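Keep in mind that what you see is a predicted model, and the values were worked out from it rather than measured. Residue numbers start from 1 in every chain, and the chains themselves are labelled A, B, ... in the order their sequence lines are given, proteins ahead of strands.
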2 protein chains.
Amino acid sequence: MPGKGKWQNRFSGHGRRWTMPRETILQQLSRTNKHQSPKEIFLAINKFNPSIGLTTIYRTLELLDKMGVIHKLRIGDGQVRYELRGKEKEYHHHHLICTSCGKIIDYADFIDEEMELIKKTEKALNKKHNFIINNHNIEFYGLCEKCR
Amino acid sequence: MPGKGKWQNRFSGHGRRWTMPRETILQQLSRTNKHQSPKEIFLAINKFNPSIGLTTIYRTLELLDKMGVIHKLRIGDGQVRYELRGKEKEYHHHHLICTSCGKIIDYADFIDEEMELIKKTEKALNKKHNFIINNHNIEFYGLCEKCR
DNA sequence: ATGGTAATGATAATCATTTTCAATAACAAT
DNA sequence: ATTGTTATTGAAAATGATTATCATTACCAT
């Protein structure tokens, strides 16, 4: 039985199981606030635990995303990336992506105004298109300091 | 020499050439306001002009995106998608994406407030991170009327 | 302790996108 | 109009991320 971590409770009672690979993957996601791709996560884990396969990484990340534990990021560099949505990172932020080197900067300015606009927009879209909005994605593309 | 279209002038004088495939691809992009993937564009063109290869579609779309003529969309359905940025579509809009069936709805509400926020944010990000912002992407994910 | 079944990992399969490279065609200079 | 340079093209192969398959393993409720 794997050690009980803070996420274990989210896995019980829905036909889901709390397993060692899942705990290890969540640990790796917690280890940094970088936006990691499945391959990166696999390589990091593989150094100390070569028994966890890449397929499991993919499956677990997909599951965690569906559960709302992590956030899926499609920045367009050829790989999907994920970041944790834990309490310590629950502050709302978006991404600044350098189209030259791929660097990603998190930013969280004007959040109050932004949240207000988002809420207003979500409500209007819901009414107008009868669309339930679960998530949104705001990204800015450009050139970072080094690449400009 | 291919027929002169309204985009030809954007291709002259920079070592670029105005070719039949490019004109055909731009025509196909103009034919609809849907968000088309390279394969969809290829299949549509292929019906009446099988001489244009998929590789050329990819290369041309990439070029047109860099030129700012079209807008690249990564909605996460496994393919990149493009839409024209022509005058007739120059109104600012964002996308509402159904995570179940993949339907995309364009919307353009609260644009004034949004533009103001975007401008403010861009200016602040520029100052704070010394980042030049060229583009931004706002998407809402959820369930459409049929899928909810 | 054990049985049902969710989860796993190795492998192969898919599928979008890129690379390669020889052939072609746009177009500037003549 | 002809020519030479070189951007562009298309076919085929390569790449690389993600997904499907399937036999095996290991949670965990009983």
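- Rounding to the nearest 0.5 Å places CG of B/Leu125 at 10.0 Å from CD1 of B/Ile118.
- When each of B/Phe11 and B/Pro38 is assigned the nucleotide of DNA chain C with its nearest heavy atom, B/Pro38 is the one assigned upstream, toward the 5' end.
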Do B/Lys72 and B/Glu83 pass the salt bridge (charged side-chain N to carboxylate O under 4.0 Å, His left out) test, and can you show the C-alpha distance, the side-chain angles, and the key distance before you say yes or no?
CA-CA 7 Å; B/Lys72 188 187 228 170; B/Glu83 67 180 352; over 6 Å; no
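- Between the CD atom of A/Gln8 and the P atom of D/dC27 there is a distance of 11 Å, rounded to whole Å.
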Intermediate values then yes/no, side chain to side chain donor-acceptor pair (under 3.5 Å), A/Asn137 and A/Glu139
CA-CA 7 Å; A/Asn137 215 8; A/Glu139 296 157 357; 3.3 Å; yes
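- Ring-plane geometry between B/Trp18 and B/Phe11 is classed as tilted, the angle between the planes lying from 30 to 60 degrees on a 0 to 90 degree scale.
- In plain terms, the two heavy atoms of A/Trp7 and A/Ser30 that are nearest each other are CH2-OG, 2.9 Å.
- No option in B/Lys128, B/Lys127, B/Lys120 other than B/Lys128 meets the salt bridge (charged side-chain N to carboxylate O under 4.0 Å, His left out) test with A/Asp109.
- Within the structure, a side-chain polar atom (N or O) of B/Arg22 is placed less than 4.0 Å from OP1 or OP2 of D/dT9.
- Side-chain rings of A/His95 and B/His136 stay apart, their centers remaining 6.0 Å or farther from each other.
- Interface residues of residues 71-80 of chain B facing DNA chain C, ordered by number: B/Gly78, B/Gln79, B/Val80; criterion, heavy-atom separation under 4.0 Å.
- The nearest whole Å value for the distance from the CD atom in B/Glu40 to the P atom in C/dC15 is 15 Å.
- Regarding B/Glu23, its CD atom lies at a distance of 16 Å from the P atom of D/dT8, rounded to whole Å.
- Note: B/Tyr58 and B/Phe42 fail the aromatic proximity criterion, with ring centroids not under 6.0 Å apart.
- To the nearest 0.5 Å, atom OH of residue A/Tyr141 and atom OG1 of residue A/Thr99 are 9.5 Å apart.
- An OP1 or OP2 oxygen of C/dA16 is reached within less than 4.0 angstrom by no side-chain nitrogen or oxygen of B/Ser37.
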Output a table of nitrogen or oxygen pairs between the protein and nucleotides 28-30 of chain C separated by less than 3.5 Å.
none

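- Scanning atom types as modelled, one donor and one acceptor separated by under 3.5 angstrom connect the side chain of A/Arg17 and the base of C/dT5.
- At whole-Å resolution of the value, CD in B/Glu62 and C1' in C/dA16 are 14 Å apart.
- Other residues, nucleotides and ligands place no more than 12 heavy atoms under 6.0 Å from the CD atom of A/Glu116.
- Going from atom CH2 of A/Trp18 over to atom P of C/dA6 covers 19 Å, rounded to whole Å.
- Between the CE atom of B/Met20 and the C1' atom of C/dA25 there is a distance of 11 Å, given to the nearest Å.
- DNA chain C lies under 4.0 Å from at least one heavy atom of each of the following residues of residues 44-60 of chain A: A/Ser51, A/Ile52, A/Gly53, A/Thr55, A/Thr56, A/Arg59.
- Not one N or O on the side chain of B/Ser37 forms a donor-acceptor pair closer than 3.5 Å with the backbone of B/Arg81.
- Cluster membership check: A/Met115 does not share its hydrophobic cluster with A/Ile133, using side-chain heavy-atom separations under 4.5 Å among Ile, Leu, Val, Met, Phe, Trp and Tyr.
- In this structure, B/Leu43 atom CG and C/dC15 atom C1' are separated by 14 Å, rounded to whole Å.
- Side-chain N/O atoms of B/Lys39 include one lying less than 4.0 angstrom from OP1 or OP2 on C/dA16.
- Going from atom OH of A/Tyr82 over to atom C1' of D/dA17 covers 12 Å, rounded to whole Å.
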